[in-house]
Amino acid sequence: MKNMLNKKNIWILVIIIVVIAISLVIYFFTRGEDKYPDQPIEQKSLTSSDLNIGVNKFVEPKDSKYFLWTVSNSVKLNSVQKMIQSLSSNFELVNSEEGAYYNWKNGTDEILYDTLKNYLLFNHSEGILMDEAEINANSFSKFVKRFFDVDWKYNVFKNEKGSNGETIYYAKRILEENINIEVREHNQQTDYLAMKDGKVIYGKLLLTEFEKTDIQLPLITSEQLTQYINVDEYPKEIYPQLNALRDSLLKEIDYLSEDLEEVLDTLKNCESTSTDLIYYYKSFDQEYLTPVYKLDALCEVSYNNETYSIPAIAYVNAIDPQYVYIPE
């Protein structure tokens, strides 16, 4: 009887060891597998355009893995209010619409919190003292850490002189993969700060938080992009850069007139000159932050039988088409 019990115990031990071994094998073989979307991702950050664009000088991204990020719908009203109190107790809420915006003023100083896009704009004549002579990427990180207790990284890509002697520094928030987040407006920056005499006197800050998921988004290949980009329903947006026309065409027509709209309706023959991979942000409504190709392009517009060349920026879906939902 004793021998039988010993044999039984040995078999139980063997079975346990085999189960553990199989579990370890499965773990080590599956832990590195990529997780792709179960259903196509709806590309809410991009609409579609029937304007064709030629893809030239396409450069494949160096990184191989790009992930889906969620757009948090949390706002930072409490943090904004604490920031205002730290600047001055004389700011008063003069206008607001819950869920849309809040506007405080103190004489000529003003703070506007747009909760639809989650942007904070501020103008503070006394200035916020900085401990450096000029602003860099680390300055932006320290600024938002100080007032909003967040750990965000930035890429400062441009600066210029303002009309009152200040220097304006333009930055883009960067994600974990060191990829820029871009927006449509102005220089495509997410944030800017203006410094004068060692103090920040005004700025604009994106306060939206983005959370990384474990879902990988395979990118469209260059061959696929050439095939799909000019399909009418394919997610893409093209924006002419009107500043380039200020010294020519815009001298002849009113910037706000219907003539300008008619000129923009003639936009055609767009050809890309460079490509970059970014994450494109519009507002809370898009739900996800996804990789998008930014194409710098040259297009043509017509006015009074004259043809003008104009730079443009195209934002184009960068995800493999089988993982993107395109409404019919």
Side-chain angles (χ1 to χ4, degrees), residues 76-77 79-96 101-148 150 152-174 180-208 239-248 250-251 254-256 260 281 311 313:
K76 296 188 177 297
L77 182 58
S79 296
V80 170
Q81 291 171 327
K82 289 179 182 178
M83 175 185 178
I84 292 170
Q85 285 296 316
S86 71
L87 298 181
S88 172
S89 60
N90 295 322
F91 274 101
E92 293 184 2
L93 183 66
V94 295
N95 203 357
S96 66
Y101 68 91
Y102 299 85
N103 188 200
W104 297 264
K105 287 188 178 181
N106 174 22
T108 59
D109 293 351
E110 184 172 8
I111 295 175
L112 175 65
Y113 184 30
D114 177 352
T115 53
L116 293 178
K117 291 189 175 182
N118 215 6
Y119 266 110
L120 176 70
L121 293 94
F122 66 92
N123 172 46
H124 187 52
S125 55
E126 184 179 330
I128 302 169
L129 185 64
M130 302 290 285
D131 58 358
E132 53 242 1
E134 60 181 28
I135 290 177
N136 53 38
N138 190 48
S139 307
F140 276 87
S141 296
K142 290 196 297 185
F143 195 89
V144 296
K145 178 66 174 178
R146 171 180 173 184
F147 291 110
F148 306 105
V150 291
W152 293 339
K153 296 180 180 180
Y154 295 86
N155 168 29
V156 176
F157 65 97
K158 180 179 181 179
N159 66 73
E160 63 184 13
K161 283 294 183 182
S163 57
N164 295 313
E166 74 276 16
T167 303
I168 309 165
Y169 298 85
Y170 297 97
K172 297 173 184 177
R173 180 109 62 91
I174 58 177
N180 293 327
I181 301 173
E182 286 197 8
V183 299
R184 174 188 169 185
E185 291 85 358
H186 201 205
N187 293 312
Q188 295 79 55
Q189 78 279 344
T190 56
D191 305 74
Y192 63 78
L193 293 173
M195 174 180 269
K196 185 177 182 180
D197 300 327
K199 297 179 179 180
V200 172
I201 56 174
Y202 63 83
K204 183 176 182 180
L205 300 171
L206 174 63
L207 299 184
T208 303
Y239 300 108
Q241 304 299 288
L242 298 179
N243 287 340
L245 295 179
R246 291 192 184 278
D247 295 329
S248 55
L250 292 183
K251 283 186 175 181
D254 184 351
Y255 183 78
L256 300 176
L260 181 59
Y281 176 76
I313 293 176

Under the side-chain contact (heavy atoms from CB on, under 4.5 Å) test, residues paired with Asn103 that sit two or more places apart: Val94, Asn95, Lys105, Glu110, Leu112

Step-by-step side-chain hydrogen bond (donor to acceptor under 3.5 Å, both in side chains) determination, Thr208 to Tyr281: CA-CA 10 Å; Thr208 303; Tyr281 176 76; 2.9 Å; yes

Ring center gap for Tyr192 and His186 short of 6.0 angstrom: no

Closest non-hydrogen atom pair between Leu120 and Ile111, with its separation: CD1-CG2, 3.5 Å

side-chain contact (heavy atoms from CB on, under 4.5 Å) between Phe122 and Leu193, worked out: CA-CA 10 Å; Phe122 66 92; Leu193 293 173; 3.8 Å; yes

Given Gln188, Glu160, Lys158, the one that forms side chain to side chain donor-acceptor pair (under 3.5 Å) with Tyr170: Glu160

Could you list the donor-acceptor pairs under 3.5 angstrom formed by side chains in residues 141-148, with sequence neighbours left out?
from: Ser141; atom 1: OG; to: Ala137; atom 2: O; distance (Å): 3.4
from: Ser141; atom 1: OG; to: Trp152; atom 2: O; distance (Å): 2.6
from: Lys142; atom 1: NZ; to: Asp131; atom 2: OD1; distance (Å): 3.2
from: Lys142; atom 1: NZ; to: Asp131; atom 2: OD2; distance (Å): 3.4
from: Lys142; atom 1: NZ; to: Glu132; atom 2: OE1; distance (Å): 3.2
from: Lys145; atom 1: NZ; to: Asp149; atom 2: OD1; distance (Å): 3.1
from: Lys145; atom 1: NZ; to: Asp151; atom 2: OD1; distance (Å): 3.4

Backbone N/O of Gln81 and side chain of Tyr113: donor-acceptor pair under 3.5 Å: no

N/O donor-acceptor pair under 3.5 Å between Gln241 side chain and Tyr239 backbone: yes

Check against side-chain contact (heavy atoms from CB on, under 4.5 Å), Phe157 and Asn180: CA-CA 11 Å; Phe157 65 97; Asn180 293 327; over 6 Å; no

Candidate pair His124 and Asp109, rule side-chain contact (heavy atoms from CB on, under 4.5 Å), full reasoning: CA-CA 5 Å; His124 187 52; Asp109 293 351; 3.4 Å; yes

side-chain contact (heavy atoms from CB on, under 4.5 Å) between Tyr202 and Ile168, worked out: CA-CA 9 Å; Tyr202 63 83; Ile168 309 165; 3.3 Å; yes

With Asp197 via side-chain hydrogen bond (donor to acceptor under 3.5 Å, both in side chains) - residues at least two apart: none

Side-chain touch Thr167/Lys161, heavy atoms, less than 4.5 angstrom: yes

